[in-house]
Amino acid sequence: HGKNDAQRFKPQMNTAARERLELEVALRRALERGELEVYYQPQVNNAGVVVSVEALTYWNHPTQGVVGPSRFIPIAEESGLIVPLGAWVLAKSCAQIYRWRREGLNVSLAVNMNVQQFLRSDFADVVAATLKATGLEARFLELELTESALMHDLTLAVERLMALRRLGVRVSIDDFGTGYSSLSYLQKLPVNAVKIDRSFVSHLEPNAP
């Protein structure tokens, strides 16, 4: 917390650290044991028809029950597990959408990508291999990236985005308004859509002209 500062130890610190370590160890085994599950949040048009779904991952923990992504995703990011976890979610959800489309459900898929996945040199190759393995056409996949992921290295981000666009995959900026919130840099990014964060519009007057 800085120089010339003293902090008093509290037992809760040790408890929190131990719980986090236990979750990390358990998360490493969760993929092998099939404890993770993908849920699909629908997106509907004005007519009430489902046109797309977003993949959300939950953990069926053997002792703690259902654990939400807000609790274990940060641990996955810090430990590096987010890369294999993200690859699994992408493959699982692409395969599911392919099956649904074969059954007549005309939907596309949106999947959140982490900055650690996005900045890897083989990122576009992994996406391409996943599409080939699952049979899903690239035009039915949309990858969602946060502002912070794209602005981590703008030059590299543009390179990665162009590789995805060449595959035919759609790309959107998720939670726009929580980070840099600059409209000017959007012109430099080859993205298909911008999803504005609810905090950006939640205070707008509902009856404003």
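Computed from a prediction, not measured in an experiment: that's the story for all the values here.
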Q: Kindly work out whether a path of hydrophobic side-chain contacts (I/L/V/M/F/W/Y, heavy atoms less than 4.5 Å apart) joins Leu56 to Leu109.
A: no
Q | CG-OG distance between Asn45 and Ser52, expressed to the nearest 0.5 angstrom | A | 11.0 Å
Q: Could you pull out the closest heavy-atom pair between Arg165 and Pro190, with the gap in Å?
A: NH1-O, 2.9 Å
(Q) To the nearest 0.5 Å, what is the distance between CE on Met113 and CD1 on Ile82? (A) 9.0 Å
**Q.** Worked check of side-chain contact (heavy atoms from CB on, under 4.5 Å) between Leu90 and Leu141
**A.** CA-CA 10 Å; Leu90 182 63; Leu141 174 63; 4.2 Å; yes
**Q.** Rounded distance (nearest 0.5 Å) linking atom CZ of Arg139 with atom CG of Leu167
**A.** 15.0 Å
Q.
If we ignore hydrogens and angles and just use 3.5 Å, is the side chain of Arg160 paired with the main-chain N or O of Phe123 as donor and acceptor?
A. no
Q: Pick out which of Asn112, Leu81, Leu85 makes a side chain to side chain contact (heavy atoms under 4.5 Å, CB included) with Ile73.
A: Leu85
Q) Do Glu78 and Arg20 sit within salt-bridge range, that is, some charged N less than 4.0 Å from a carboxylate O? A) yes
(Q) Could you measure the distance from the CD atom of Glu159 to the OG atom of Ser121? Nearest 0.5 Å is fine. (A) 9.5 Å
Q) Same cluster for Leu136 and Val50 if Ile/Leu/Val/Met/Phe/Trp/Tyr side chains link at under 4.5 Å? A) yes
Please tabulate, one pair per line, all N/O donor-acceptor pairs under 3.5 Å involving side-chain atoms of residues 26-40, not counting sequence neighbours.
{"residue": "Arg28", "atom": "NH2", "partner": "Glu24", "partner atom": "OE2", "Å": "3.2"}
{"residue": "Glu35", "atom": "OE1", "partner": "Trp59", "partner atom": "NE1", "Å": "2.9"}
{"residue": "Glu37", "atom": "OE1", "partner": "Asn60", "partner atom": "ND2", "Å": "2.9"}

Q: Mind listing the closest non-hydrogen atom pair of Val53 and Trp100 along with its distance?
A: CG2-CZ3, 4.4 Å
Q: Identify the two heavy atoms, one from Ala55 and one from Ser93, that lie closest to each other, and give their separation to 0.1 Å.
A: CB-CB, 4.0 Å
Q. Do Val126 and Phe140 share a hydrophobic cluster, counting only Ile, Leu, Val, Met, Phe, Trp and Tyr and linking them when any side-chain heavy atoms are less than 4.5 Å apart?
A. no
Q) Quick one: are His61 and Arg71 in side-chain contact, heavy atoms under 4.5 Å? A) no
Q: Could you tell me which non-hydrogen atom of Thr130 sits nearest to which non-hydrogen atom of Ala91, and how far apart they are?
A: CG2-CA, 3.6 Å
Q | Cationic N near anionic O, under 4.0 Å, Lys195 to Glu54 | A | no
(Q) Please identify which of these residues, Val171, Leu145, Leu161, Val194, meets the side chain to side chain contact (heavy atoms under 4.5 Å, CB included) condition with Leu189. (A) Leu161
Q: Under the side-chain contact (heavy atoms from CB on, under 4.5 Å) rule, what do Leu143 and Phe118 come out as? Steps first, then yes or no, please.
A: CA-CA 10 Å; Leu143 300 180; Phe118 180 65; over 6 Å; no
Q) Would a hydrophobic clustering, with Ile, Leu, Val, Met, Phe, Trp and Tyr connected at side-chain separations under 4.5 Å, put Val111 with Val51? A) no
**Q.** Side-chain donor or acceptor of Arg101 paired with backbone N/O of Val107 under 3.5 Å
**A.** yes
**Q.** Full working for side-chain contact (heavy atoms from CB on, under 4.5 Å) between Lys92 and Thr57
**A.** CA-CA 10 Å; Lys92 182 82 171 179; Thr57 311; over 6 Å; no
Q: Show the numbers, then the answer: is there a side-chain hydrogen bond (donor to acceptor under 3.5 Å, both in side chains) between Asn192 and Glu142?
A: CA-CA 9 Å; Asn192 300 96; Glu142 177 178 312; over 6 Å; no
**Q.** Ile75 reachable from Val25 in the ILVMFWY side-chain graph, under 4.5 Å edges
**A.** no
Q. Looking only at heavy atoms, which two atoms of Asp5 and Gln7 are closest? And how far apart?
A. OD2-NE2, 2.8 Å
Q) Can you name the nearest heavy-atom pair linking Glu144 to Ser172, along with the distance? A) CG-OG, 3.3 Å
